[in-house]
J.: 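Handing you a structure now.
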Amino acid sequence: MRIKSNKSVFSMARMLCFIFGHRFKVTKEVTSHIKEYQCSCCRAEVTVNDEGRLTSLTSQLKEINETLAELHQKKQHSSSAA
């Protein structure tokens, strides 16, 4: 019986991104300075961390970005109503 691991799976898209670099496109604008990106080639997802650098988008960071987007939206809504 053979067991396949995710690390041994060859992906031409991943190989191209490894050689030539990712082609990130904005998928979600959380705030004016925090965005989520996805590579149009290999579908890798990244976001901006607290230092302003791109980092892999984990489930924890997705939750943080959703909460931050809600707070940002509430703040903008309350400031426009005042």
J.: Do T47 and T55 make a side-chain contact, defined as non-hydrogen atoms from C-beta onward lying under 4.5 Å apart?
T.: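 They are in side-chain contact.
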
J.: Find the distance between CD (E66) and CG (L61) and round it off to the nearest 0.5 Å.
T.: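 Nearest 0.5 Å value for the CD-CG distance: 11.5 Å.
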
J.: Among N65, V46, T27, whose side-chain contact (heavy atoms from CB on, under 4.5 Å) with L57 holds?
T.: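 The single option meeting the side-chain contact (heavy atoms from CB on, under 4.5 Å) with L57 is N65.
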
J.: How many angstroms lie between atom CD of Q76 and atom OG of S32, to the nearest 0.5 angstrom?
T.: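 If I round to the nearest 0.5 Å, the distance is 8.0 Å.
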
J.: Would you give the length of the straight line joining atom OG1 of T31 to atom CD1 of I34, rounded to the nearest 0.5 angstrom?
T.: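 With rounding to 0.5 Å, OG1 (T31) is 4.0 Å from CD1 (I34).
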
J.: Are V26 and V48 in one and the same hydrophobic cluster, where Ile, Leu, Val, Met, Phe, Trp and Tyr link if side-chain heavy atoms are under 4.5 Å apart?
T.: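 The answer is yes; both residues are in one hydrophobic cluster.
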
J.: Please tell me if the side chains of Q38 and K25 come closer than 4.5 Å, counting only heavy atoms from C-beta onward.
T.: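 A side-chain contact under 4.5 Å is absent here.
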
J.: Got a sec: does the CD of Q73 have more than 12 other heavy atoms crowding it under 6.0 Å?
T.: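 No, the 6.0 Å shell around CD holds no more than 12 heavy atoms from other groups.
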
J.: To the nearest 0.5 Å, what is the distance between SG on C42 and CE on M15?
T.: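 Going from the SG atom of C42 to the CE atom of M15 covers 12.0 Å.
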
J.: What distance do T67 atom OG1 and H72 atom NE2 have between them, rounded to the nearest 0.5 Å?
T.: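 Spacing of OG1 (T67) from NE2 (H72) equals 14.5 Å.
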
J.: If you measure from CD on E36 to CD on E45, what distance do you get to the nearest 0.5 Å?
T.: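 Here the rounded value is 7.5 Å.
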
J.: Strictly by ring pair (Phe, Tyr, Trp, His ring centres under 6.0 Å), give each pair with a member in residues 22-65 just once, sequence neighbours left out.
T.: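 Qualifying pairs, neighbours excluded: H22-F24.
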
